[in-house]
Trainee: 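What follows is a single structure, and I will ask about it in a moment.
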There are 2 protein chains.
Amino acid sequence: MTEAVQTRPGGRSARVRAAVHRAVEELAAAGPAETLTIPAVAARAGVHPTTVYRRWGSVGQLLADAATSRFSGNVVVPDTGSLAGDLERWMDDVATDLADPDVLALMRATIGSGPDGGCACAVDRHEQLGAIIEREQARGGKVPELERAVDMLLGPLYYRAIFAGQPASGEWARGLVAALLAG
Amino acid sequence: MTEAVQTRPGGRSARVRAAVHRAVEELAAAGPAETLTIPAVAARAGVHPTTVYRRWGSVGQLLADAATSRFSGNVVVPDTGSLAGDLERWMDDVATDLADPDVLALMRATIGSGPDGGCACAVDRHEQLGAIIEREQARGGKVPELERAVDMLLGPLYYRAIFAGQPASGEWARGLVAALLAG
DNA sequence: AGGCTAACGCAACGATGAGTGCGATAATTT
DNA sequence: AAATTATCGCACTCATCGTTGCGTTAGCCT
């Protein structure tokens with residue numbers, strides 16, 4: 001009597017999901033926020049609007065899903081052997097990702113869609129930074145606190161991207177790492 | 001023959017403007033983003049939708065206007081006599097402001113409304129920080145660079161508010177000031 | 001106080017987004 | 001290979017947003 005709701009993740013469903021996610025990213029990058037509507041997304045994805053309404057329900061949930069899918073696992077945690085090297089490589093990757101206007105547009109739209117939109121964009125990065133620090137700790141090295149690292153690395157990076165509109169250079173990012181490790 | 005477009009800022013216009021701004025803040029705080037529509041704002045403000053359409057045009061411009069109005073001049077630059085004191089007081093005020101859920105909701109909606117939405121929320125704070133540093137410089141004290149101050153103070157503050165969802169305590173904010181002045 | 005005109009309210013229309021019932025398709029299982 | 005059923009496409013309806021023309025109200029100036 002188990003009412004197991006079995007899902008069906010292979011084949012067409014996956015294709016539809018990917019196409020819709022791609023359409024969301026493109027539309028978020030293209031026009032103003034009010035053009036990001038479900039019929040528009042469906043048309044661009046080559047899918048019927050009904051499908052999107054049924055699978056996601058609202059623009060907010062659609063954006064949250066697209067954002068978590070986009071911001072999870074597209075940056076690999078490096079392993080250079082030293083904490084400084086790991087952090088510098090990782091910051092460089094994150095900064096490069098944040099320099100893409102399409103990524104920024106998706107982030108802005110996701111933030112605007114609800115209270116946890118911002119978290120969906122950064123949780124993965126938070127965990128990656130924690131993993132880097134944990135590994136150094138396993139190596140036996142002295143590590144900064146995760147909170148301090150978040151404040152001094154992620155904070156400035158995301159602030160510049162969203163609130164200042166400045167591009168983040170690799171050199172500047174390495175300076176942040178140096179400041180963290182010096183303190 | 002001067003075609004001076006004379007505006008009429010007093011009396012009713014100002015009342016309407018204030019009521020609409022208030023309605024935007026309330027609606028942004030109340031429901032999801034898709035409920036923040038011009039007819040809804042007009043109804044809550046006790047104003048006819050046509051008025052809002054004509055004066056602001058789109059939800060994006062309306063949000064930008066409301067945000068700049070809300071985030072300008074509601075924090076006074078303190079003058080305690082020392083740089084550390086000024087920064088601590090100011091950070092405390094900003095942190096308190098950012099702890100208000102309504103303020104956060106307005107910020108999120110503004111960020112989601114367009115590419116410069118984020119700037120509209122932070123430009124004033126940027127200038128205030130610059131003013132504090134300039135005053136200390138006039139006093140003859142040694143001052144940090146404005147960029148570094150932004151990275152180490154505004155960055156963590158806004159990152160926590162938007163991307164981490166953590167409340168910012170006054171103690172933690174003072175720690176940021178200490179770290180900046182120590183470096 | 002009276003005129004001038006910017007700003008607002010009202011009514012109506014077209015366009016489009018949101019939601020629903022039903023049949024068709026294709027992924028998964030036996 | 002055949003059956004099962006989750007998922008999708010289609011046609012249709014309802015609600016509401018965006019816009020325009022016109023009359024009215026109420027700031028500002030002489």
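These numbers come from the heavy atoms of this one structure, side chains and all, not from hydrogens, waters or symmetry mates. In what follows, every chain begins at residue 1, and chains take the letters A, B, ... in the order their sequences are listed.
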Trainee: Which pairs, with at least one residue in residues 49-66 of chain A and sequence neighbours excluded, count as a salt bridge (Lys or Arg N to Asp or Glu O under 4.0 Å)?
Mentor: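 Sorted result for residues 49-66 of chain A: Arg17(A)-Asp65(A).
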Trainee: Using five pairs at each end of the helix from dA1(C)-dT30(D) to dT30(C)-dA1(D) to define an axis, what is the angle between those two axes, to 10°?
Mentor: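 Rounded to the nearest 10 degrees, the bend comes out at 50°.
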Trainee: For residues 135-142 of chain B, which side-chain donor-acceptor pairs fall under 3.5 Å, sequence neighbours excluded?
Mentor:
| from | atom 1 | to | atom 2 | distance (Å) |
| --- | --- | --- | --- | --- |
| Arg135(B) | NH1 | Asp79(B) | OD2 | 3.4 |
| Arg135(B) | NH2 | Pro78(B) | O | 2.5 |
| Glu136(B) | OE1 | Leu83(B) | N | 3.4 |
| Glu136(B) | OE1 | Arg139(B) | NH1 | 2.5 |
| Arg139(B) | NE | Gly81(B) | O | 3.3 |
| Arg139(B) | NH2 | Asp79(B) | OD1 | 3.0 |
| Arg139(B) | NH2 | Asp86(B) | OD2 | 3.2 |

Trainee: Before you tell me yes or no, could you show the steps for Asp97(B) and Arg70(B) under salt bridge (Lys or Arg N to Asp or Glu O under 4.0 Å), namely the whole-Å CA-CA distance, both residues' side-chain angles and the distance that decides it to 0.1 Å?
Mentor: CA-CA 11 Å; Asp97(B) 194 36; Arg70(B) 175 68 179 77; 3.5 Å; yes
Trainee: Identify the pairs formed between an N or O of the protein and an N or O of nucleotides 20-25 of chain C at a distance under 3.5 Å, and give each distance.
Mentor:
| from | atom 1 | to | atom 2 | distance (Å) |
| --- | --- | --- | --- | --- |
| dG21(C) | O6 | Arg54(A) | NH2 | 3.0 |

Trainee: Please confirm whether the shortest side-chain N or O distance from Thr51(A) to OP1 or OP2 of dG9(D) is below 4.0 Å.
Mentor: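 For Thr51(A), the contact criterion (side-chain N or O under 4.0 Å from OP1 or OP2 of dG9(D)) is met.
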Trainee: For the pair Thr35(B) (side chain) and Pro32(B) (backbone), establish whether a donor and an acceptor sit closer than 3.5 Å, ignoring hydrogens and angles.
Mentor: yes
Trainee: Okay, side chain of Thr96(B), backbone of Asp92(B): is any donor-acceptor separation there less than 3.5 Å?
Mentor: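 Yes: the side chain of Thr96(B) pairs with the backbone of Asp92(B).
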Trainee: Is Glu147(A) paired with Arg160(B) through a side-chain N to carboxylate O contact shorter than 4.0 Å?
Mentor: yes
Trainee: For Trp56(B) and dA7(C), what is the distance between atoms CH2 and P respectively, to the nearest whole Å?
Mentor: 11 Å
Trainee: Looking at dG18(D), dA18(C), dC8(C), which one has an atom nearest to any side-chain atom of Val16(B)?
Mentor: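 My answer, after comparing the listed nucleotides, is dC8(C).
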Trainee: Do the side-chain N or O atoms of Arg55(A) get closer than 4.0 angstrom to the phosphate oxygens (OP1, OP2) of dA6(D)?
Mentor: no
Trainee: Rounded to the nearest Å, what distance is computed from the CG atom of residue Leu62(A) to the P atom of nucleotide dG17(C)?
Mentor: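 Between P of dG17(C) and CG of Leu62(A): 15 Å.
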Trainee: Would you mind reading off the distance between Ile38(B) atom CD1 and dC17(D) atom P, rounded to a whole angstrom?
Mentor: 10 Å
Trainee: Rounded to whole angstrom units, what separation is found between the CD atom of Glu34(B) and the C1' atom of dG19(C)?
Mentor: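 One finds 15 Å between C1' of dG19(C) and CD of Glu34(B), rounded.
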Trainee: Any ring-ring contact (aromatic ring centres under 6.0 Å, His included) pairs touching residues 160-183 of chain A, not counting sequence neighbours?
Mentor: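 ring-ring contact (aromatic ring centres under 6.0 Å, His included) check on residues 160-183 of chain A returns Tyr159(A)-Phe163(A), Phe163(A)-Tyr158(B).
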Trainee: Please state whether the phosphate of dG27(D), meaning OP1 or OP2, lies under 4.0 angstrom from any side-chain nitrogen or oxygen of Arg15(B).
Mentor: yes
Trainee: Out of dG9(C), dA18(C), dG9(D), which has the shortest distance to the side chain of Val47(A)?
Mentor: dG9(D)
Trainee: Heavy-atom contacts under 4.0 Å between residues 17-32 of chain B and DNA chain D, which residues?
Mentor: none
